[in-house]
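Read the structure below first, then the notes.
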Number of protein chains: 2
Amino acid sequence: MAKILKEIDETDRKILGELERNGRLSISTLAARVGMSGPSVTDRIRRMENTGIIRNFTVDIDVAELGYELAAIVRIKPRPGSLHIVEKMICDEPRFTSCDAVTGDDCFVCRLAFRAMKDLDGILQPFHDRAETNTAIVKSSPVRNRLPTERTL
Amino acid sequence: MAKILKEIDETDRKILGELERNGRLSISTLAARVGMSGPSVTDRIRRMENTGIIRNFTVDIDVAELGYELAAIVRIKPRPGSLHIVEKMICDEPRFTSCDAVTGDDCFVCRLAFRAMKDLDGILQPFHDRAETNTAIVKSSPVRNRLPTERTL
DNA sequence: CATGAAAGTGTAGACCC
DNA sequence: GGGTCTACACTTTCATG
């Protein structure tokens, strides 16, 4: 995948930038901002959805406001033979909000959202049969989910 | 913050769930799905925007399709006295797409997007004066940025 | 990629419980 | 206070050049 490398021009980039800041922008204001007609913008968005550049339109929710006031980075290193089971256990625990499989000593680096300190042990305990875990509590998030760029803006 | 703990009911949750799956859903279809009138739904969304539950509407972009085909988890441990400088350096390098400050041995856990293996050294080299870094290449992402829930759906 | 007409959608005000 | 209804304005869409 990521092989088609479709020609993505400046206009497409500008559309993506605007939509990243406000995913519900109307086609018409979007068209005005990039200097094009509505149908053209609609066309470009649909094309980017089809090629997979745009994965999804979504909403950025502050999970702390939903009661999940704590977050942790949990590194999980399955013991030999338990890799797939552990991966499934991670996927099945919905308080893991993201998980990357990585090279190196740890196999999984996960983000965990939880309500109170006392919940942490209960969430991680099932893993201790099949993996070693290393937990770091998140104090703050200086950078949150932005788009990479080559140049510093 | 996160102190107001506004009464968020089942309808609100359902709206958030639908918008997470498709942030550009029209008010009318949203209204139909939650069994309410359009203006009510608009009202609830605006309220959640004001209280901060909804941080932003945005678009989920596959950065690999933009040419950033590689990702890494970089743990960064500033040397004594360099904490704030290092934090600023992280924020100023736009290829760091997220960064959490955490407790424990490492201070920062960051996600890095980059185009080619040969770029990695150049990105991290400026840090080696002021910090120790530990880099793990992302092989896959079994869980990607989902909402936490108490019950397994 | 732009235009113009037709269909659909969002918004605001008055009203109701 | 929160929800609904109606009507007008705006926006999106589709066919066409």
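All of these numbers come straight from a predicted model, not from anything done at the bench. Throughout, protein chains are lettered first and strands after them, A, B, ... in sequence-line order, and every chain is numbered starting at 1.
Between its opening and closing five pairs, the helix from C:dC1-D:dG17 to C:dC17-D:dG1 changes axis direction by 40°, a value rounded to 10 degrees.
Within residues 23-30 of chain B, the residues that place at least one heavy atom under 4.0 Å from DNA chain C are, in residue-number order, B:Ser26, B:Ile27, B:Ser28.
Listed by chain and number, the residues in a ring pair (Phe, Tyr, Trp, His ring centres under 6.0 Å) with A:Phe127 are A:Phe96 (sequence neighbours excluded). Applying the salt bridge (charged side-chain N to carboxylate O under 4.0 Å, His left out) rule to B:Asp129 yields no partners; only residues at least two apart in sequence or on another chain are considered.
A side-chain hydrogen bond (donor to acceptor under 3.5 Å, both in side chains) check over residues 23-32 of chain B, counting only residues at least two apart or in different chains, returns the pairs B:Ser26-B:Ser28, B:Ser26-B:Thr29.
Atom CD1 of A:Ile73 sits about 13.0 Å away from atom CZ of B:Phe108, to the nearest 0.5 Å.
For B:His84, the NE2 atom sits in a loose shell: 12 or fewer heavy atoms of surrounding residues, nucleotides or ligands are nearer than 6.0 Å. For A:Arg21, the CZ atom counts as loosely surrounded, since its 6.0 Å shell holds 12 or fewer non-hydrogen atoms of other residues, nucleotides or ligands.
Put simply, CZ on A:Arg33 is 16 Å from C1' on D:dT11, counting in whole angstrom units.
Side-chain atoms of B:Asp100 and A:Ser141 form a donor-acceptor pair, as typed in the model, at a separation below 3.5 Å.
Between A:Asp62 and A:Arg144 there is no salt bridge, since no side-chain N of the basic residue sits under 4.0 Å from a carboxylate O of the acidic one.
Of the residues listed (B:Asp119, B:Val74, B:Ile76), the one engaging B:Leu124 in a side chain to side chain contact (heavy atoms under 4.5 Å, CB included) is B:Val74, and it is the only one.
Residues B:Val109 and A:Arg111 fail the side-chain proximity criterion, which asks for heavy atoms closer than 4.5 Å.
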**OP:** Quick one, give me the B/S/- string for nucleotides 3-8 of chain D, reading 5' to 3', where B means a protein heavy atom under 4.0 Å from the base and S means that only happens at the primed atoms, P, OP1 or OP2.
**Re:** SBB---

